[in-house]
Amino acid sequence: MGWKILLPQEIMSEGRELLEKAGHTIIQGRGFETADVLADFKEHQPDAMIVRITPITREVIEADPNLKVIVRHGAGFDALDVKACHDNGVQALYAPVANSTSVAETALLLMLECSRNVTVLHKTWVNDFYKAKLKVRKNTLNGKTVGIVGCGNIGSRVAKRCLAMEMNVLCYDPYKPAKDFPDGVEVVRDLDRILTESDYVSLHAPNTPVTRNMINKETLAKMKPTAFLINTARGALVVEEDLYEACKDGVIAGAGLDAIRKEPVDPKNPLLTLDNVIIYPHIGGNTTEAAHRASYFSAMGVEEVYEGKEPTWPIHDVDYETAKTYTDTKKPDKAPAGMFDF
């Protein structure tokens, strides 16, 4: 007979066709907000849902006694109450590799834009061509050190791209053994080394009780005054008031952000006033290619549960405060090129 599957936001054709060919009925949601999904749940009582951006609360999950599976269309799932899913026998899934490459490219793009001071260039070059060309600060990535915090699907891809740019790559991830890090990186177990030695600190960690607010006044003060913070992960990792002060006062050189605490952005957010802060509307995973992959993988997850199979990408409950951590390290085999290596 198939299931009723709610789509609060549209998915790409590959995913929709997979579900329809399997005999499922698609219900197009009435809107993007949590209240809209709650209303759809009460009216339609779907068996499954694929959700892209809407926060899904316990109230929503418990409003539908027929609900069997929720798939998060992408890698992050902090907007989904996973515990409420599991408490109510609902399988929670996600698509962790669908947009990894796109987010990694976005992190590198932000590093490049920060290195070339593009905001100041855009404001300067038309009215003062020679100032923009000769006097606005511009740097290369070659020979610089990037510190990657969180070396999973995305962080590992960022590391490989930075190695290709001939950067020195430090990686910090206490939940991963050294042998599983990409070749060519240095595995460090001390977050302070990432902060004090890096020219770019790139965040690729989930929003957990351990990582929440990890970038704050104290940790920012440990960074080089010439260093940039790059965040393509979650806004909750950064205390924005402290980042604003650090960028305004020259504690660090600036920041490139694809994730902020309040989305859509508050027009009064003071970070918007700074020339050394670049903010994107959380588009790292929103390329056309990533959307196609995420839609297909999400639909595949629904079909796997429907057929009684073990799903490929379940979301597990993890207690990060008690999870196993590792202390082993790894050095790169070859030193990166320096600024005078041609």
Side-chain angles (χ1 to χ4, degrees), residues 5-22 24 26 28-29 32 37 48-56 69-82 85 90-110 148 150-161 173 176 180 182 202-208 230-235 237 258-259 263 280-307 309-316 318:
I5 301 172
L6 176 66
L7 303 179
Q9 296 87 43
E10 186 57 85
I11 64 174
M12 304 299 278
S13 59
E14 295 93 334
R16 193 179 186 108
E17 288 172 7
L18 188 156
L19 296 172
E20 290 176 337
K21 287 180 180 179
H24 302 299
I26 304 298
Q28 199 62 49
F32 281 23
V37 177
M49 174 175 67
I50 297 173
V51 59
R52 297 185 71 166
I53 61 175
T54 306
I56 303 300
V69 57
I70 295 179
V71 188
R72 168 68 185 94
H73 185 280
F77 51 83
D78 51 314
L80 171 63
D81 192 330
V82 176
C85 287
V90 176
Q91 179 72 67
L93 311 177
Y94 68 143
V97 298
N99 60 9
S100 301
T101 296
S102 300
V103 178
E105 289 178 356
T106 301
L108 191 61
L109 174 61
L110 284 166
I148 294 174
C151 202
N153 286 312
I154 296 170
S156 294
R157 285 168 168 79
V158 174
K160 293 174 182 178
R161 283 155 178 77
D173 192 327
K176 187 171 184 174
D180 292 341
S202 192
L203 304 181
H204 303 284
N207 174 18
T208 74
I230 308 296
N231 186 11
T232 56
R234 288 292 179 263
L237 275 56
D258 188 43
E263 298 175 358
Y280 296 163
H282 211 154
I283 48 82
N286 286 73
T287 61
T288 300
E289 296 84 355
H292 282 290
R293 287 192 294 267
S295 292
Y296 184 83
F297 292 161
S298 296
M300 185 180 79
V302 171
E303 183 61 16
E304 286 175 333
V305 177
Y306 175 75
E307 293 178 359
K309 298 177 180 178
E310 189 70 24
T312 303
W313 292 295
I315 301 174
H316 298 292
V318 178

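Of all the heavy atoms in N207 and L237, the pair that sits closest is CA-CD1, 3.9 Å. Contact between G284 and T106 at its shortest, heavy atoms only, is CA-OG1, 3.2 Å. Looking at every heavy atom in both residues, Q91 comes nearest to L93 through CG-CD2, 3.5 Å. For I154 against S100, the heavy-atom pair with the smallest separation is CG1-CA, 3.7 Å.
The CZ atom of R72 sits 9.5 Å away from atom OG1 of T54, with the distance rounded to the nearest 0.5 Å. One finds the CG atom of N153 at 12.0 Å from the NE2 atom of H204 (value rounded to the nearest 0.5 Å). Here NE2 of H24 is found 4.5 Å from CD1 of I5. Values are rounded to the nearest 0.5 Å. Between K160 atom NZ and T101 atom OG1 the span is 9.5 Å, to the nearest 0.5 Å. Note: R16 CZ to I50 CD1 = 10.0 Å, rounded to the nearest 0.5 Å. A distance of 7.0 Å separates CD of E105 from OG1 of T287, quoted to the nearest 0.5 Å.
Taking a 6.0 Å sphere around CD of Q28, one finds it holds more than 12 heavy atoms contributed by other residues, nucleotides or ligands.
Side chain of R293 to main chain of A98: a donor-acceptor pair is present (N/O by atom type, distance under 3.5 Å, no hydrogens or angles). Side-chain N or O atoms of E303 include none that pairs as donor or acceptor with a backbone N or O of A22 at under 3.5 Å. Checking side-chain atoms of R52 against main-chain N and O of E10 turns up a donor-acceptor pair under 3.5 Å. Under a 3.5 Å cut-off, the side chain of D258 and the backbone N or O of I283 do form a donor-acceptor pair.
Counting only heavy atoms from C-beta outward, the side chains of W313 and V97 approach each other to under 4.5 Å. Residues L80 and V51 fail the side-chain proximity criterion, which asks for heavy atoms closer than 4.5 Å. Within the 4.5 Å cutoff, the side chain of P182 has heavy atoms near those of the C151 side chain. Under the 4.5 Å side-chain criterion, counting only non-hydrogen atoms from C-beta, Y296 is not in contact with M12.
Each of I70, V318, I315 was compared with V82 under the side-chain contact (heavy atoms from CB on, under 4.5 Å) criterion, and only I315 meets it.
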Stepwise side chain to side chain contact (heavy atoms under 4.5 Å, CB included) check, T312 with F297: CA-CA 9 Å; T312 303; F297 292 161; over 6 Å; no
Any chance you could lay out the side chain to side chain contact (heavy atoms under 4.5 Å, CB included) test for I53 and E263, step after step, and finish with the verdict? CA-CA 10 Å; I53 61 175; E263 298 175 358; over 6 Å; no
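For the residue pair S102/E289, the side-chain donor-acceptor check at 3.5 Å is not satisfied.
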